[in-house]
Undergrad: 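I'd like to ask you about the structure that follows.
FYI, the numbering just counts along the sequence from 1. Quick note: numbers below take in every heavy atom, side chains included, and nothing from hydrogens, waters or symmetry partners. The shown structure was predicted, so the numbers you read here are calculated from the model rather than taken from an experiment.
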Amino acid sequence: MPTLNWIGKDKIINHHQDVPYKVLNHEYGFSENGKTNAAVNSGNLIINGDNLEALKSLLPKYEGKVNCIYIDPPYNTGNESWVYNDNVNSPQIKKWLGKVVGKESEDLTRHDKWLCMMYPRLKLLHKLLAKDGAIFISIDDNEQASLKIIMDEIFGNANFVNNIIWQRAYSPVNTKKRFSANHDFIICYTKRIEKVEFLLERTDDADARYTNPDNDVRGIWTSGDLSVGPIVEKQVYPITSPSGRIVYPPKGYCWRVTEEKFIEMLEDNRIWFGEKGENVPRFKRFKTEVKDGITPMTVWTYKEVGHTQDAKKEIKSIFPESELPFDTPKSIKLMERIVQLGTNKNSIILDSFAGSGTTAHAVLNLNKQDQGNRKFILIEMENYAETITAERVKRVINGYADKQPTGGSFDYCTLGEPLFDENNNLNETVGIEKIREYVWFTETRSSYSPPLKGCPQDGVVFLGTYNDTSYYFIYEKDNLTTLDYDSLAKFVQQKAERYIIYADNCLLPESFMREKNIDFKKIPRDITRF
């Protein structure tokens, strides 16, 4: 498989592993009832912070659980500015990353910078994507070829689905270029292609093609072409129509089925020669036998999914009072098409270049339409994350212009301190609850609910029980803790098949721990690093 090399790749290829895990600080919750200091815990998140660090912070809870990812990264046209500070410990990379990319056409190193920015983010997105999930990436010709190669490298070329064409503009633009570009690409990959099927909901126009001119008892049907190419010699044979006309497949084609299979279909009344019995034969495709959906095409016209001007008008109707910094926003219809293809009613959708928040808007619209329970996670690093991204979602929830409220809620978070300091010790400034939550996630990959206060195991050291295993985290900010007979008697008061106990030291004999099914894990050495 071809691979792509660029200056700095050797320093960036495993950089996602070195990104510090930072905790999420909850700022506020929002619902139809307004803003609240308490978390609404609906599963919808808007995160303000660098998306590389924010993606890392999602790993404990969401690794392998995101069903659909959409990203609209910088296209690297040379006309836009983008700043992504990746803190790579290499003077060579530091020279490029974290700086504004210039528009000079001679500055070829901007492609190296773009690749260095994208690669670790794509690695983390791959980790977050579910086995039956799909990722959709908007891009144009500036980086489409490079993106395709690094996606093959990270996701596997066998998991490439297609390169979709979106007609983002409907009229030519008079430029100095040789062509007026009126489309973008949307590259689609899966985690495991054999687990994914893409279907669009059936439309009235699609169903209107089904009729029943011969009153077949099996119901309405449409006809399909019986010829196919290239030629298979044994499938080239004469067919005699009811009118006596002898028909062969067109030159360069053969019949879709063998002669024996054709006779079976003819006897089963699955061949149609037209109402007068003199047309070229076609085969019947009954509506009851087709999949409950439509196979999507790879060209999406503006009539189907909208265009950039539609998107600008939509944003203006949401924010009539201000000018917004988006030259090429995405159409809400486009995002609804992507979410429809990549999700079911209970899916998690992630957009780590959230921009104006169109992805969340599409999710809320679809949930209202079909009473779905889809969840969105948006990440935006710019300072408009709250004033535009989150504000748009608020207005969609409550209704805007002539649009009815969708309902819904979300929690707004920012990136906090790293969980581990430079010496790889626990950073106690993040708070014990964040540490306990992290340990629980790393052990169980499930949501953390602290045990009720006031009982013997009130959450001081007891984390909870999961799959017949009880978890304990014996930790004090200013003292070393020890797992011994006294601490075991004091803290472990609930019977379980297995015990996993964290502490700074352990004095219990190994034979005793084996007998009682106790696994000791040393703080901080044995805490999983993401």
Undergrad: Going by the angle between their ring planes, with limits at 30° and 60°, are Phe462 and Tyr472 parallel, tilted or perpendicular?
TA: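 Taking Tyr472 first and then Phe462, their aromatic rings sit tilted (interplane angle of 30° to 60°).
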Undergrad: Could you tell me which residues satisfy ring-ring contact (aromatic ring centres under 6.0 Å, His included) with Phe160, sequence neighbours excluded, listed by chain and number?
TA: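 Once residues adjacent in sequence are excluded, the partners of Phe160 under the ring-ring contact (aromatic ring centres under 6.0 Å, His included) criterion are Tyr189.
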Undergrad: List the steps and the verdict of side chain to side chain donor-acceptor pair (under 3.5 Å) for Glu336 and Asn365.
TA: CA-CA 8 Å; Glu336 288 176 355; Asn365 277 358; 2.9 Å; yes
Undergrad: Would you find a donor on one side and an acceptor on the other, under 3.5 Å apart, between the side chain of Asn517 and the backbone of Glu497?
TA: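 Yes; at least one donor-acceptor contact below 3.5 Å.
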Undergrad: Check Asp519 with Arg498, please: is the shortest side-chain N to carboxylate O separation under 4.0 Å?
TA: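 A salt bridge is present here (some side-chain N lies under 4.0 Å from a carboxylate O).
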Undergrad: Have a look at Leu508 and tell me which of Ile501, Thr482, Leu488 forms a side-chain contact (heavy atoms from CB on, under 4.5 Å) with it.
TA: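 That would be Leu488; it is the only one of Ile501, Thr482, Leu488 passing the side-chain contact (heavy atoms from CB on, under 4.5 Å) with Leu508.
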Undergrad: Under 6.0 Å from the six-membered ring centre of Phe30 and within 45° of its axis: does the NZ or CZ of Lys394 meet both?
TA: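 Yes, a cation-pi geometry holds between Lys394 and Phe30.
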Undergrad: Under the 3.5 angstrom rule, does the side chain of Asn25 hit a backbone N or O of Thr414 as a donor-acceptor pair?
TA: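 Not at all, since once roles are kept as given, no pair shorter than 3.5 Å links the two residues.
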Undergrad: Val161 and side-chain contact (heavy atoms from CB on, under 4.5 Å): which partner among Leu341, Ile193, Ile187?
TA: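 Checked Leu341, Ile193, Ile187 against Val161; only one passes side-chain contact (heavy atoms from CB on, under 4.5 Å): Ile193.
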Undergrad: May I ask you to check whether Phe512 and Tyr485 place their ring centres under 6.0 Å from each other?
TA: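 Yes: the rings meet the under 6.0 Å criterion.
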Undergrad: So, Thr190 side chain and Gly133 main chain: donor-acceptor pair closer than 3.5 Å or not?
TA: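 Flag not set: sc Thr190 to bb Gly133 has no pair under 3.5 Å.
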Undergrad: Could you check whether any side-chain N or O of Arg529 sits under 3.5 Å from a backbone N or O of Asn424, counting only pairs where one atom can act as donor and the other as acceptor?
TA: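 Yes; at least one donor-acceptor contact below 3.5 Å.
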Undergrad: Pairing donors with acceptors under 3.5 angstrom, does anything connect the side chains of Glu443 and Tyr502?
TA: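 A donor-acceptor contact under 3.5 Å links the two side chains.
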Undergrad: Can any side-chain N or O of Ser146 pair as donor or acceptor with the backbone N or O of Glu143 at less than 3.5 Å?
TA: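 No, Ser146 side chain to Glu143 backbone: no donor-acceptor pair under 3.5 Å.
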Undergrad: Give me the ring orientation class for Trp440 and Tyr448: parallel if the planes are under 30° apart, tilted from 30 to 60°, perpendicular past 60°.
TA: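 It falls in the tilted class, 30° to 60°.
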Undergrad: Looking only at side-chain N and O atoms, does Thr359 offer a donor or acceptor that is under 3.5 Å from a partner on Asp351?
TA: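 Yes - a donor-acceptor pair under 3.5 Å links their side chains.
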Undergrad: Search all heavy atoms of Ile397 against all heavy atoms of Ser31 and return the closest pair with its distance.
TA: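 Closest pair (atom of Ile397, atom of Ser31, distance): CG2-C, 4.5 Å.
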Undergrad: Are any side-chain N or O atoms of Lys123 and backbone N or O atoms of Ile13, one a donor and one an acceptor, separated by less than 3.5 Å?
TA: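 Judged by distance alone, no pair lies under 3.5 Å.
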Undergrad: What residue pairs, at least two apart or across chains, pass salt bridge (Lys or Arg N to Asp or Glu O under 4.0 Å) with a residue in residues 409-423?
TA: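 Those involving residues 409-423 do not exist here.
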Undergrad: Please answer whether the main-chain N or O of Thr528 pairs with a side-chain N or O of Tyr438 as donor and acceptor at a distance below 3.5 Å.
TA: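 Checked: pair present.
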Undergrad: Any cation-pi pair here, Lys35 with Tyr28, using under 6.0 Å and within 45°?
TA: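 Yes, a cation-pi geometry holds between Lys35 and Tyr28.
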Undergrad: Hey, does the side chain of Asn159 reach the backbone of Lys191 with a donor-acceptor pair shorter than 3.5 angstrom?
TA: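 Yes; judged by distance alone, with no hydrogens or angles, the pair exists.
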Undergrad: Kindly indicate, with the supporting measurements, whether the criterion side chain to side chain donor-acceptor pair (under 3.5 Å) is fulfilled by Arg168 and Thr308.
TA: CA-CA 6 Å; Arg168 61 174 173 80; Thr308 300; 5.0 Å; no
Undergrad: Any luck finding a side-chain donor-acceptor pair between Asn346 and Asn344 under 3.5 Å?
TA: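 No - no donor-acceptor pair under 3.5 Å links their side chains.
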Undergrad: Would you please name every residue forming a ring-ring contact (aromatic ring centres under 6.0 Å, His included) with Phe376, sequence neighbours left out?
TA: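 Phe376: no ring-ring contact (aromatic ring centres under 6.0 Å, His included) contacts found.
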Undergrad: Any donor and acceptor pair, going by atom type alone, linking the side chain of Asp484 with main-chain N or O of Ser487 inside 3.5 Å?
TA: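 Yes, because the side chain of Asp484 sits within donor-acceptor range (under 3.5 Å) of the backbone of Ser487.
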Undergrad: Could you walk me through whether Asn425 and Asn423 pass the side chain to side chain donor-acceptor pair (under 3.5 Å) check?
TA: CA-CA 5 Å; Asn425 292 316; Asn423 297 318; 6.0 Å; no
Undergrad: Looking only at atom types and distance, does a side-chain atom of Thr444 sit under 3.5 Å from a main-chain N or O of Tyr466, one as donor and one as acceptor?
TA: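 Flag not set: sc Thr444 to bb Tyr466 has no pair under 3.5 Å.
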